[in-house]
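This report concerns only the one structure given below.
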Protein chains: 2
Amino acid sequence: MAAGTVLWLHLDDDSSALAQLANLRNAAPKALVIVLANKPDNEEALTLFSEGARAYINAHATVANLRQVSNVVQAGGLWIGESLMKRLLVSTQTALSRAQAIAATPKEAARGSDDPLAVLTKREQEVACSVANGSSNKEIARQLTITERTVKAHIGAVFQKLNVRDRLQLALIVSGRRPS
Amino acid sequence: MAAGTVLWLHLDDDSSALAQLANLRNAAPKALVIVLANKPDNEEALTLFSEGARAYINAHATVANLRQVSNVVQAGGLWIGESLMKRLLVSTQTALSRAQAIAATPKEAARGSDDPLAVLTKREQEVACSVANGSSNKEIARQLTITERTVKAHIGAVFQKLNVRDRLQLALIVSGRRPS
DNA sequence: GGCGCTATTGGACCAAAGGACAGTACTGGA
DNA sequence: TCCAGTACTGTCCTTTGGTCCAATAGCGCC
């Protein structure tokens with residue numbers, strides 16, 4: 001397999017993305033791998049980039065987009081989707097400050113020193129806390145006297161910002177932060 | 001300034017690189033900024049990327065290289081030098097694995113005082129722990145090589161025994177906290 | 001053998017959760 | 001004044017989660 005060859009890896013949802021990429025890169029270490037994900041996820045993207053992926057993109061992207069990505073990768077670049085970019089940079093920041101925190105004060109690192117809820121708006125923090133207390137959307141709606149729909153909107157925003165897929169994972173993050 | 005315009009920012013060694021970029025991006029928020037550094041530095045690069053730079057490269061690179069980078073950026077890509085890439089990914093990795101470790105440990109928290117899981121059968125404890133780790137029914141089914149249906153059966157039994165109404169409250173209990 | 005507990009699965013059914021796509025309204029800057 | 005961010009609401013639709021009823025099978029025990 002010559003260097004410069006571009007390979008497209010369409011992720012199979014049924015097994016570990018990392019394993020799939022690792023396999024492929026084992027077989028063709030020098031290929032430039034573009035990963036197509038059915039359900040793009042920031043964490044997954046990071047993991048895959050660290051395994052040597054050169055691009056990570058929604059499998060349902062337009063042909064034009066795919067061609068563009070291919071061009072970038074062939075030219076030696078790294079493709080990070082527009083939407084991913086912003087958040088990736090944010091998380092890179094926190095990852096860095098965390099890494100630094102670990103190096104500086106390993107004691108604090110054990111408890112997660114920075115507040116993951118900091119990126120959330122006031123309202124988002126409210127719903128996030130309620131979710132973490134085990135409330136249902138309906139209950140939260142009643143609590144805050146807003147529609148269940150609005151609760152979902154806030155929760156959806158929180159999921160994106162904290163990069164979790166459901167309320168349970170959100171609860172784990174929030175309660176891990178404040179073991180009261 | 002139209003989106004898609006590429007700007008080359010040759011860093012002045014005498015003032016803060018971040019400030020220089022911030023200025024430029026203020027003036028042209030939508031431009032794609034390629035940063036040229038006389039003395040490339042990974043830390044600096046990260047800072048600049050988080051400020052919205054699209055590429056960071058040695059100012060003394062060959063013309064061919066610069067053209068290549070330009071192509072990548074114009075196509076919407078991100079250019080990250082080889083060494084930086086490696087470094088960036090490593091720190092991301094450690095942060096990730098740490099986050100995962102935190103997310104995966106609530107199980108142990110429950111082991112200190114009396115274990116509410118004691119009333120559960122072995123299998124029920126297994127699914128309860130998986131639930132508390134944020135896994136979906138489908139994932140648990142795969143993990144234990146049983147049907148999703150069976151997972152539901154176990155979970156239902158757990159709900160009754162622990163007197164909770166859903167997986168989130170179960171997770172909170174297993175994590176050693178009380179749902180309010 | 002019969003009883004109870006555990007583990008497993010099926011089908012049907014309904015509620016909750018969450019995404020996609022849109023839209024209105026207010027506010028604090030540049 | 002225009003713009004970005006925040007808060008809020010709507011509809012449609014798909015996926016998950018959870019419950020009910022029902023069944024088969026292994027295991028230890030009296």
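Throughout, a chain's letter reflects where its sequence line sits, starting with A, and its residues are numbered from 1.
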Fill in the blank from the handout: One should read off an interatomic distance between A:Asn133 CG and A:Ile140 CD1, to the nearest 0.5 angstrom, of 9.0 Å
Problem - Nucleotide D:dG17, atom P - distance to CG of A:Leu168 in whole Å - result: 9 Å
Practice task
Could you grab the distance from atom CD of B:Glu148 to atom CD1 of B:Ile155, nearest 0.5 Å is fine?
Solution key: 9.0 Å
Handout entry: Per-nucleotide protein contact string for nucleotides 5-16 of chain C (B base, S sugar-phosphate only, - none; heavy atom under 4.0 Å)
Key = -SSSBBB----S
Problem - For A:Gln143 against A:Ser130, the heavy-atom pair lying closest together - result: NE2-OG, 3.1 Å
Exercise for the section: Compute the angle between the rotation axes at the two ends of the helix from C:dG1-D:dC30 to C:dA30-D:dT1, each taken over five pairs, rounded to 10 degrees. Expected result: 40°
Handout entry: Value rounded to 0.5 Å, distance of CZ in A:Arg167 from OG in A:Ser136
Key = 7.0 Å
Practice task
State the OG-CD1 distance between A:Ser70 and A:Ile34, to the nearest 0.5 angstrom.
Solution key: 5.0 Å
Practice task
Can you measure from CG (A:Asn137) to OG1 (A:Thr147) and round to the nearest 0.5 angstrom?
Solution key: 11.5 Å
Problem - Euclidean distance, atom CZ of residue A:Phe159 to atom C1' of C:dA17 [Å, nearest integer] - result: 8 Å
Handout entry: Interatomic distance, A:Ile155 CD1 vs C:dA20 P [rounded to whole Å]
Key = 16 Å
Practice task
Give the rounded distance in Å between these two atoms: CD of B:Glu139 and C1' of D:dT15.
Solution key: 14 Å
Exercise for the section: Working to the nearest 0.5 Å, report the span between CG of B:Leu172 and CG of B:Asp166. Expected result: 9.0 Å
Exercise for the section: Measure the distance from CD on B:Gln160 to C1' on D:dG18 and round it to the nearest whole Å. Expected result: 12 Å
Exercise for the section: Please examine the side chains of A:Ile146 and A:Arg123, heavy atoms only from C-beta on, and report whether any two atoms are closer than 4.5 Å. Expected result: yes
